[in-house]
Amino acid sequence: MWWVRRTSYWFSTLLDAGGARLGPGRRTASGGLETRGSCGAELQGELDRFGGVSVHLSRHHTLHGLDAAAFRRLLQAAIQRWRSEGRIAAWLHIPILQSHFIAPAASLGFCFHHAKPHSSTLTLWLGEGPSRLPGYATHQVGVAGAVFDVSTRKVLVVQDRNKLKNMWKFPGGLSEPGEDIDTAVREVFEETGVKSEFRSLLSIRQQHRSPGAFGMSDMYLVCRLQPRSFTINFCQQECLKCEWIDLENLARTKHTTPITSRVARLLLYGLREGFDKIDLSMEELPAVYTGLFYKLYHRELPESYKAAMGAD
Ligand SMILES: NC(=O)C1=CN([C@@H]2O[C@H](COP(=O)(O)OP(=O)(O)OC[C@H]3O[C@@H](n4cnc5c(N)ncnc54)[C@H](O)[C@@H]3O)[C@@H](O)[C@H]2O)C=CC1
Ligand SMILES: [Mg+2]
C-alpha cells in the first residue's frame, strides 16, 4: 500500500506561484512525479493516508507578495484538480502572517478546523456525503466495546481499514462531545451491526501527544458489553474485517494490539474468577449543585458498606 512509505515524505508540498522551478523527481498530491515546465503556478500538497491532501503555506515561499485574488484562483484550480483525483478532503495550514488568505479560502468553502498560536488550519470536505473529518480536541475520548458472549466464549473484533498495520482490535471509535463512555454501544453497532448492552468499564488508557489526536491527548476506554444480536454487518468504510473469535485465541495471538491483548486476558480472568473481579460498574447520580446528572464508575461497593455509610 502506498501509505507505508509516507514517513519518507516523498510527497512534496510545492507552490510555483512566482514561476520558481520545481525540483526534479518530486512527488505530488496526485502521486505522480512533478514535471518541470512552464505550465504556470500550481498549488500542490501532501497526501495523507485517508486520501486527503494537506497544503502548508509556510513551505511556499513564492506566495509572498501574492494578493488574495491571485491566491483564490490558485486554490480554485487546485480544488478542481483534487476533486478530479478523488481526494476526500483538503487541509490548508495558514501561518498567522498570511491570514489574508483565509477569506479567499473561506469563499471557496473552507472552514476553520483549529488554530494554534501562530497558525490556523482550515478544511474543505471533498468526499461524498457529510464531512467525516474528526473535530479538534484538547482531549479526545475513544471508546471501544469488548462484546463478549459467555456461552460461546467468543468476542467481537475488527480490523480497521485505515490503520497502517491490520491488527485485531475491539470495535469502537471517538465519542462525540456530550456523549458518555457507554456510547461504545453505539460505536459497536455502527461499525459491526451487532447490538449490545453496557456492562462495565474494563480499562482506561491515557496518552499525550497522540498522532491520532492531532498531537493532543487521547483517552481510550474499553467497556465490557453483553451481545444482544450476533449477525455481523460491518461498516465497509471503517473496517476491513469483523469476526467473532475465541477469547483464548485473542489473548494468545500476535495479530492484535497490546491493549486488546491485555483486555482479552482480563476477560479470561473475569470469566474464570467472576466479572466482579474486573468490572468497574457504572451508576448515574444527580450532581449536588447543578441539578445535572453524571455517571460514576468504580468497583462494586459491597451492600454492607453501602448500608454502613448511608445510601447515596
Ligand atoms: N485498540 C487499540 O489498541 C487502539 C485504540 N485506538 C484508540 O481508538 C480511538 C479511535 O478509534 P477509531 O476507531 O480510530 O475512531 P472512529 O471509529 O471514530 O473512526 C475515526 C474516523 O475518522 C476517520 N478519520 C480520522 N482521521 C481522519 C483524517 N485525517 N481524514 C479523514 N478521515 C479521518 C477514520 O477514517 C474513521 O472513519 C482512539 O481513542 C485511539 O487512541 C487506536 C489505535 C489502537
Ligand atoms: Mg473505529
Side-chain angles (χ1 to χ4, degrees), residues 137-151 153-158 168-192 194-210 212-213 216-229 247-248 250-251 256-312:
T138 55
H139 270 71
Q140 71 179 17
V141 179
V143 291
V147 190
F148 180 53
D149 180 32
V150 178
S151 59
R153 299 185 167 211
K154 291 196 171 183
V155 64
L156 187 65
V157 284
V158 295
W168 289 115
K169 61 166 204 169
F170 299 119
L174 299 175
S175 63
E176 303 289 335
E179 280 188 327
D180 292 307
I181 292 164
D182 51 11
T183 195
V185 168
R186 171 187 65 74
E187 279 287 346
V188 166
F189 180 69
E190 286 176 6
E191 283 193 7
T192 69
V194 170
K195 292 182 187 155
S196 61
E197 266 174 30
F198 178 83
R199 282 289 173 270
S200 71
L201 177 60
L202 293 174
S203 72
I204 302 173
R205 190 281 314 262
Q206 185 177 27
Q207 189 193 323
H208 301 294
R209 299 196 308 277
S210 167
M216 304 303 279
S217 303
D218 183 271
M219 303 283 289
Y220 177 62
L221 301 98
V222 182
C223 304
R224 184 167 73 84
L225 306 181
Q226 176 72 34
R228 285 286 165 246
S229 73
L247 181 61
E248 295 219 15
L250 184 63
T256 189
T257 70
I259 301 173
T260 310
S261 183
R262 179 74 63 95
V263 172
R265 277 176 275 153
L266 204 58
L267 279 172
L268 267 182
Y269 173 58
L271 182 66
R272 286 171 189 159
E273 306 293 330
F275 287 117
D276 58 322
K277 294 273 196 301
I278 62 167
D279 282 347
L280 296 177
S281 47
M282 180 269 286
E283 196 177 346
E284 188 161 14
L285 296 165
V288 179
Y289 300 114
T290 57
L292 300 172
F293 285 82
Y294 60 83
K295 288 179 177 172
L296 187 63
Y297 299 80
H298 59 73
R299 286 282 294 275
E300 199 66 50
L301 200 57
E303 284 304 323
S304 56
Y305 276 75
K306 281 187 192 167
M309 305 300 162
D312 297 304

Q: Could you tell me which residues satisfy side chain to side chain contact (heavy atoms under 4.5 Å, CB included) with R228, sequence neighbours excluded, listed by chain and number?
A: K195, E197, R199, Q226

**Q.** Considering all heavy atoms, the nearest V263-S203 contact
**A.** CG2-OG, 3.7 Å

Q: To the nearest 0.5 angstrom, please state how far the CG atom of D180 sits from the OH atom of Y294.
A: 13.0 Å

Q. Any idea which heavy atoms bring E191 and P171 closest together, and the distance?
A. OE1-CA, 3.6 Å

Q.
Can you confirm whether R262 is buried at CZ, in the sense that more than 12 heavy atoms of other residues, nucleotides or ligands lie under 6.0 Å from that atom?
A. no

Q. Heavy atoms, side chains only, cut-off 4.5 Å: are I181 and K295 in contact?
A. no

Q.
Tell me which one of Q207, R205, Q140 satisfies side-chain contact (heavy atoms from CB on, under 4.5 Å) with Y220.
A. R205

Q.
Within the 4.5 Å heavy-atom criterion, are L280 and R299 side-chain neighbours or not?
A. yes

Q | Residue among P227, C223, S229 satisfying side-chain contact (heavy atoms from CB on, under 4.5 Å) with V147 | A | P227

Q: Hey, could you give me the OG/CD distance between S175 and E187, rounded to the nearest 0.5 Å?
A: 8.0 Å

Q: Report yes if the side chains of R224 and D279 come closer than 4.5 Å at any heavy-atom pair, otherwise no.
A: yes

Q | L247 versus A264, closest heavy-atom pair with distance | A | CD1-O, 3.7 Å

Q) Given side chains that start at C-beta, do those of F148 and L271 come closer than 4.5 Å, heavy atoms only? A) yes

Q. With sequence neighbours excluded, what pairs up with T256 under the side chain to side chain contact (heavy atoms under 4.5 Å, CB included) test?
A. W168, L250, T253, T260, S261

Q: Kindly indicate whether the side chain of F198, heavy atoms from C-beta on, has any atom under 4.5 Å from the side chain of L225.
A: yes

Q. Given side chains that start at C-beta, do those of L268 and E248 come closer than 4.5 Å, heavy atoms only?
A. yes

Q: Kindly write out the residues that satisfy salt bridge (Lys or Arg N to Asp or Glu O under 4.0 Å) with R209, not counting sequence neighbours, or none if the list is empty.
A: none

Q.
Restricting to non-hydrogen atoms, name the atom on G145 and the atom on F170 that form the minimum distance, rounded to 0.1 Å.
A. O-CB, 3.4 Å

(Q) To the nearest 0.5 Å, what is the distance between NE2 on H298 and CE on M282? (A) 11.5 Å

Q.
Within this structure, what is the CD-CG distance for the pair E179 and L174, rounded to the nearest 0.5 Å?
A. 10.0 Å

(Q) Please report the interatomic distance OG(S196) to CG(D149), rounded to the nearest 0.5 Å. (A) 12.0 Å

(Q) Checking side-chain contact (heavy atoms from CB on, under 4.5 Å) between K169 and each of V157, V158, I259, which is the one that passes? (A) V158

Q) Which pair of heavy atoms, one from S281 and one from E300, lies closest together, and at what distance? A) OG-OE1, 2.8 Å

